[in-house]
A.B. asks: 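Below is one structure. I have some questions about it.
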Amino acid sequence: IVSNVFLFQSDLVQPIVTPRFAISCDMDLMKQLGALAKKYNTAIQTHIAENQSEIETVLEMFPEYQTYTEVYDGANLITNRTVLAHGIYLEDSELEILVSKGATIAHCPNSNTSLKSGECDVPRLLAAGISVGLGT
């Protein structure tokens, strides 16, 4: 059934690889999703750095990586077709990876305010060279 999804052609509707976030996936699954996205040249969407406890959990689950972004990059999920929701607590080294790969951030102010997860420093992301869109 999955292969039939990629036979669908539309200018308005496109398939997208969506690992919910790193906490809900193991590295093998994320690498397979990265390979699938590459094979079919699909976009990728997921969440990143929405709150501090999420980041701590990700780094505990994947101790071989120094940052949340490195986890996704290690699975080949950071590309010029990747949209990452939130990105509130990204380190400078993470911004460098996102810029080098051409990934973008979807800023979600309603979600961030409702969950009290923090505020995204959009001017910082833009100054780093990251494209930022509005997530709803």
A.B. asks: For a 4.5 angstrom cut-off between non-hydrogen side-chain atoms, does Tyr72 reach Leu84?
C.D. replies: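 Yes. Closest side-chain heavy atoms under 4.5 Å.
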
A.B. asks: Tell me the closest heavy-atom pair linking Cys108 and Ala85, and the distance in Å.
C.D. replies: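 Minimum heavy-atom separation between Cys108 and Ala85: SG-CB, 4.3 Å.
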
A.B. asks: For His107, enumerate each residue passing the ring-ring contact (aromatic ring centres under 6.0 Å, His included) test, keeping only those at least two apart in sequence or located in another chain.
C.D. replies: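 Once residues adjacent in sequence are excluded, His107 has no partner under the ring-ring contact (aromatic ring centres under 6.0 Å, His included) criterion.
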
A.B. asks: In terms of hydrophobic clustering (I, L, V, M, F, W, Y; side-chain heavy atoms under 4.5 Å; direct or indirect links), are Tyr65 and Leu29 co-clustered?
C.D. replies: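 Both belong to a single hydrophobic cluster.
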
A.B. asks: Is it the case that the side chain of Thr82 and the backbone of Ala103 share a donor-acceptor pair, with hydrogens and angles ignored and the cut-off at 3.5 Å?
C.D. replies: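 Answer holds: no.
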
A.B. asks: Test of understanding: with salt bridge (charged side-chain N to carboxylate O under 4.0 Å, His left out), list the residues that count as partners of Asp28, not counting sequence neighbours.
C.D. replies: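 Partners of Asp28 under the salt bridge (charged side-chain N to carboxylate O under 4.0 Å, His left out) test: none.
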
A.B. asks: Apply side chain to side chain contact (heavy atoms under 4.5 Å, CB included) to the pair Leu36 and Thr42, showing each step before the final yes or no.
C.D. replies: CA-CA 8 Å; Leu36 186 69; Thr42 65; over 6 Å; no

A.B. asks: Output the distance between atom CG (Leu90) and atom CD (Glu96), rounded to the nearest 0.5 Å.
C.D. replies: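 Answer for the CG-CD pair, Leu90 versus Glu96, is 12.0 Å.
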
A.B. asks: Give the cluster check for Val99 versus Ile44: same hydrophobic cluster or not, with ILVMFWY residues linked at side-chain heavy-atom distances below 4.5 Å.
C.D. replies: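 They do share one cluster, since a chain of ILVMFWY contacts under 4.5 Å joins Val99 to Ile44.
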
A.B. asks: Could you work out, with side chain to side chain contact (heavy atoms under 4.5 Å, CB included) as the rule, every residue matching Gln45, not counting sequence neighbours?
C.D. replies: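 Result, side chain to side chain contact (heavy atoms under 4.5 Å, CB included) vs Gln45: Ile16, Thr18.
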
A.B. asks: Any side-chain heavy atom of Ile78 sitting closer than 4.5 Å to one from Leu98?
C.D. replies: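 Answer yes - side chains close enough.
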
A.B. asks: With side chains defined as the heavy atoms from C-beta onward, is the minimum distance between Lys101 and Asp73 less than 4.5 Å?
C.D. replies: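 The answer is yes, as the side chains (C-beta and beyond) meet within the 4.5 Å cut-off.
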
A.B. asks: Rounded to the nearest 0.5 Å, what's the gap from CG on Asn110 to OG1 on Thr136? Could you check?
C.D. replies: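 These two atoms lie 9.0 Å from each other.
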
A.B. asks: Atom CD of Glu94 and atom OG1 of Thr67: how far apart are they, to the nearest 0.5 Å?
C.D. replies: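 Answer for the CD-OG1 pair, Glu94 versus Thr67, is 4.0 Å.
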
A.B. asks: Looking at every heavy atom in both Glu54 and Tyr68, which two are closest together, and how far apart are they?
C.D. replies: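 Nearest heavy atoms, Glu54 then Tyr68: OE2-OH, 2.6 Å.
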
A.B. asks: Could you please spell out the steps behind the side chain to side chain contact (heavy atoms under 4.5 Å, CB included) verdict for Val71 and Met27?
C.D. replies: CA-CA 8 Å; Val71 172; Met27 184 52 73; 3.9 Å; yes

A.B. asks: Using the side chain to side chain contact (heavy atoms under 4.5 Å, CB included) criterion, which residues pair with Met61? Sequence neighbours excluded.
C.D. replies: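 In terms of side chain to side chain contact (heavy atoms under 4.5 Å, CB included), with neighbours along the sequence ignored, Met61 is linked to Ile23, Thr57.
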
A.B. asks: Using the test side chain to side chain contact (heavy atoms under 4.5 Å, CB included), find all partners of Ala106 that sit at least two apart in sequence or belong to another chain.
C.D. replies: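 Side chain to side chain contact (heavy atoms under 4.5 Å, CB included) check on Ala106 returns Val83.
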
A.B. asks: Applying salt bridge (charged side-chain N to carboxylate O under 4.0 Å, His left out), which residue pairs with at least one partner in residues 119-132 are found, sequence neighbours left out?
C.D. replies: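 Checked against salt bridge (charged side-chain N to carboxylate O under 4.0 Å, His left out) - neighbours excluded - the pairs reaching residues 119-132 are Asp92-Arg124.
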
A.B. asks: What distance separates Ile105 CD1 from Cys120 SG, expressed to the nearest 0.5 Å?
C.D. replies: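 The SG atom of Cys120 is 6.5 Å from CD1 of Ile105, to the nearest 0.5 Å.
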
A.B. asks: Can you tell me how far SG of Cys25 sits from CZ of Phe62, rounded to the nearest 0.5 angstrom?
C.D. replies: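 The distance works out to 7.5 Å.
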
A.B. asks: Quick check: do Ser111 and His86 have side-chain heavy atoms less than 4.5 Å from each other?
C.D. replies: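 They are in contact (side-chain heavy atoms under 4.5 Å apart), so the answer is yes.
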
A.B. asks: State whether the side chain of Thr46 and the backbone N or O of Arg20 hold a donor-acceptor pair below 3.5 Å, judged by distance alone.
C.D. replies: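 Looks like yes, one N/O pair under 3.5 Å.
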
A.B. asks: Side chains of Gln66 and Ser93: closer than 4.5 Å at any heavy-atom pair?
C.D. replies: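 A side-chain contact is absent here, since even the closest heavy-atom pair is not under 4.5 Å.
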
A.B. asks: If you compare all heavy atoms of Ala22 against all heavy atoms of Val58, which two are closest, and at what distance to 0.1 Å?
C.D. replies: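 Nearest heavy atoms, Ala22 then Val58: CB-CG2, 4.0 Å.
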
A.B. asks: Nearest 0.5 Å, please: how far is CD in Gln52 from CD1 in Ile88?
C.D. replies: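 Output value for this atom pair is 9.5 Å.
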
